[in-house]
Amino acid sequence: MSSKPYTREVQVATSAVLKASLLAQKVQHELIGSGGVTKKDKSPVTVADYTSQAIISALLFSHFPTDQIVGEEDSSELLSPENLTTKNQIVRLANEAVAETLEKDPEAEKEWATVKGVSRGEKDWLEIIDRGNSTGGKEGRHWALDPIDGTKGFLRGGQYAVCLGLLEAGEVVVGVMGCPNLPVDYAKPDGEKGVIFVAVKGHGAFQRSLTSSVLSPISMTPLTTLTSASFCESVEAGHSDHGTNARIASLLGITKPSVRMDSQAKYGSIARGDGDVYLRLPVSETYEEKIWDHSSGSLLVAEAGGLVSDMNGNPLDFSLGRTLKGNKGVVAAHKDVHAKVIEAVKKAVEESKL
């Protein structure tokens, strides 16, 4: 990808997401183990969330000091006495993660040289976390960061993602997404796990493993008919209207069971042809999607031959701040069938109001 635009940004973003993905795996192993934890105990994902944001932000600002970050987290929650242990874990893990060498990717390791040269304590890391407080908008460059997307998937040992998208003038131009639990090869679910997806606007979509820097092009599966398609949707009913989704499938003649997984891993899944249609229909009239939940994934699908819009067929507008306040819902499908999916969405939504 050396001859393509944003080469520097892709290199740095990939290095950041790689280290954060390996960190997330480490936290899962140390704090959760193989059995998962109850939904009430969210401390492991809190540690992973904040530490991931800290190290990614540190690397971004070391290379692009004038860029802004629209991050999901801020440090206010960590200042309360009951979170002292969690805060100490975050500081320890952030320093350990920075110090560790990316032995299987020497080029990615080089990007961390300036970050490794600085000693950081609690105050430093909290300040770095809070650099993700940009309000976004259509002016300048912003990195939309979701340090751990799919927190319940992370806790149950399912799918989650480290998501980073670069926006210029309110438009997503680079997307990098790490999916530590996603099989490298969909046909080998018990094989190597851990994928990084990379997309640059106008220059295609790719994937690599966590253990190799070799990028392989990916594309959505061309569809001549939707009857052979499969849906990919959220595990949690609180994230998308499963009932309306089922009606949409019926209208389109889709009979395959929906594939349900957490996080933006769904975008990666359909972008490389594991599934075909991603629906996220609003469960509340007032809910606004966050830009960090869709920036990298939507570009990935677009560059893999798909179209991503809201439920009315309008393009997602990332220029309005920290949320997609101008859109309702998200629909992603191959460009050849996207219009048919939107038709079915509109019909199913109208029926649900009767």
Is L60 linked to V70 within one hydrophobic cluster, defined over Ile, Leu, Val, Met, Phe, Trp and Tyr using a side-chain heavy-atom separation of less than 4.5 Å? no
Residues G132 and R322: closest non-hydrogen pair is O-NH1, 3.6 Å
So if you build clusters from Ile, Leu, Val, Met, Phe, Trp, Tyr with side-chain heavy-atom gaps below 4.5 Å, do M177 and L166 land together? no
Kindly work out whether a path of hydrophobic side-chain contacts (I/L/V/M/F/W/Y, heavy atoms less than 4.5 Å apart) joins L167 to V10. no
Between H203 and Y6, is there a side-chain heavy-atom distance shorter than 4.5 Å? no
Find the distance between CE (M311) and OG1 (T244) and round it off to the nearest 0.5 Å. 8.0 Å
Interatomic spacing from CE in M261 to OH in Y278 - rounded to 0.5 Å: 11.0 Å
Under 3.5 Å, is there a donor-acceptor pair between the side chain of S209 and the main chain of S212? yes
Where the side chain of K193 meets the backbone of P189, is there a donor-acceptor pair that is under 3.5 Å apart? yes
Going by an N to O cut-off under 4.0 Å, is there a salt bridge joining E351 and R247? yes
The test is side chain to side chain contact (heavy atoms under 4.5 Å, CB included); show your working for W143 and I69 and say whether it passes. CA-CA 5 Å; W143 293 89; I69 298 177; 4.3 Å; yes
So which heavy atom on S15 is nearest to which on A108, and how close? OG-O, 2.7 Å
Main-chain N/O of V349 paired to S352 side chain as donor or acceptor, under 3.5 Å: yes
Go through the steps to decide whether R141 and D67 satisfy the test salt bridge (charged side-chain N to carboxylate O under 4.0 Å, His left out), and finish with yes or no. CA-CA 5 Å; R141 293 184 13 142; D67 288 1; 2.8 Å; yes
Identify the residue among E109, E111, E96 that makes a salt bridge (charged side-chain N to carboxylate O under 4.0 Å, His left out) with K116. E109
Closer than 3.5 angstrom, by distance alone: can the side chain of S52 be matched with the main-chain N or O of D49 as a donor-acceptor pair? no
So which heavy atom on I128 is nearest to which on A54, and how close? CG2-O, 3.3 Å
Would you please test L93 and V27 for side chain to side chain contact (heavy atoms under 4.5 Å, CB included) and show each step? CA-CA 9 Å; L93 285 166; V27 172; 3.9 Å; yes
Shared ILVMFWY cluster between L226 and V259, side chains joined below 4.5 angstrom? no
Please walk me through it: do S21 and L210 pass side chain to side chain contact (heavy atoms under 4.5 Å, CB included)? CA-CA 8 Å; S21 296; L210 298 183; 4.1 Å; yes
Is K138 atom NZ crowded by more than 12 heavy atoms from other residues, nucleotides or ligands, each under 6.0 Å away? no
Flag for N95-W125: side-chain donor and acceptor within less than 3.5 Å: yes
How many angstroms lie between atom OG of S75 and atom CD of Q53, to the nearest 0.5 angstrom? 9.5 Å
Flag side-chain contact, heavy atom, 4.5 Å: S309 against I342: yes
Do Y267 and F197 come within less than 4.5 Å of each other through their side chains, counting heavy atoms only? no
Neighbour count above 12 (heavy atom, 6.0 Å) for E103 CD: no
From CA spacing to verdict: salt bridge (charged side-chain N to carboxylate O under 4.0 Å, His left out), K347, E350: CA-CA 5 Å; K347 184 173 182 179; E350 282 303 312; over 6 Å; no
S213-D105 side chain donor-acceptor pair, cut-off 3.5 Å: no
Straight-line distance of L324 CG to Y287 OH, nearest 0.5 Å: 9.0 Å
Apply side chain to side chain donor-acceptor pair (under 3.5 Å) to residues S134 and Q68 and explain how you reach the verdict. CA-CA 6 Å; S134 171; Q68 301 297 304; 4.6 Å; no
Any donor and acceptor pair, going by atom type alone, linking the side chain of D276 with main-chain N or O of A333 inside 3.5 Å? no
Any cation-pi pair here, R272 with Y186, using under 6.0 Å and within 45°? no
Is there a side chain to side chain contact (heavy atoms under 4.5 Å, CB included) between L299 and K201? Walk through the geometry before answering. CA-CA 7 Å; L299 179 63; K201 184 174 175 58; 4.1 Å; yes
Please report the C-alpha distance between E107 and K110 in whole Å, then the side-chain angles of each, then the deciding distance to 0.1 Å, and finally whether the salt bridge (charged side-chain N to carboxylate O under 4.0 Å, His left out) criterion is met. CA-CA 5 Å; E107 291 303 311; K110 290 178 183 177; 3.0 Å; yes
Give a yes or no answer on whether the side chain of T151 reaches the backbone of I148 with a donor-acceptor pair at less than 3.5 Å. no
State, yes or no, whether a side-chain contact exists between I248 and L281 at a heavy-atom distance under 4.5 Å. yes
Residue pair V115 / I55, side-chain heavy-atom distance below 4.5 Å: no
Could you tell me whether the side chain of L102 reaches within less than 4.5 Å of the side chain of L22, counting heavy atoms only? yes
Testing the basics here: between G326 and L320, what is the closest heavy-atom pair and its distance to 0.1 Å? N-CD1, 3.6 Å
F231 with L223, same ILVMFWY side-chain cluster at under 4.5 Å: yes
First locate atom CG of L18, then atom CG of L23, and finally report the distance between them rounded to the nearest 0.5 Å. 11.0 Å
Apply the side-chain contact (heavy atoms from CB on, under 4.5 Å) test between M220 and each candidate in L307, V301, V337, D274; give the one that qualifies. V301
Does the D130 side chain pair with the main chain of D74, one donor and one acceptor, at a distance under 3.5 Å? no
Can you name the nearest heavy-atom pair linking V331 to D310, along with the distance? CG2-O, 4.1 Å
Closer than 4.0 angstrom, basic N to acidic O: yes or no for D146 and K290? no
Is the shortest heavy-atom distance from the side chain of I56 to the side chain of V162 under 4.5 Å? yes
K325 side, atom NZ; E288 side, atom CD - distance, nearest 0.5 Å: 6.0 Å
Regarding Q11 and R8, do their side chains bring together a donor and an acceptor under 3.5 Å, going by distance alone? yes
Step through the shown structure and confirm whether more than 12 heavy atoms of other residues, nucleotides or ligands are within 6.0 Å of NZ on K26. yes
Give a yes or no on whether a salt bridge exists between E127 and K123, defined as a side-chain N under 4.0 angstrom from a carboxylate O. yes
Are the side chain of R208 and the backbone N or O of V198 linked by a donor-acceptor pair below 3.5 Å? no
Backbone N/O of P147 and side chain of E72: donor-acceptor pair under 3.5 Å: no
Could you check if a side-chain atom of L164 sits within less than 4.5 angstrom of a side-chain atom of S296, using non-hydrogen atoms only? no
Under the side-chain hydrogen bond (donor to acceptor under 3.5 Å, both in side chains) rule, collect the residues that match up with T286, sequence neighbours excluded. S284
Where the side chain of E289 meets the backbone of G329, is there a donor-acceptor pair that is under 3.5 Å apart? no
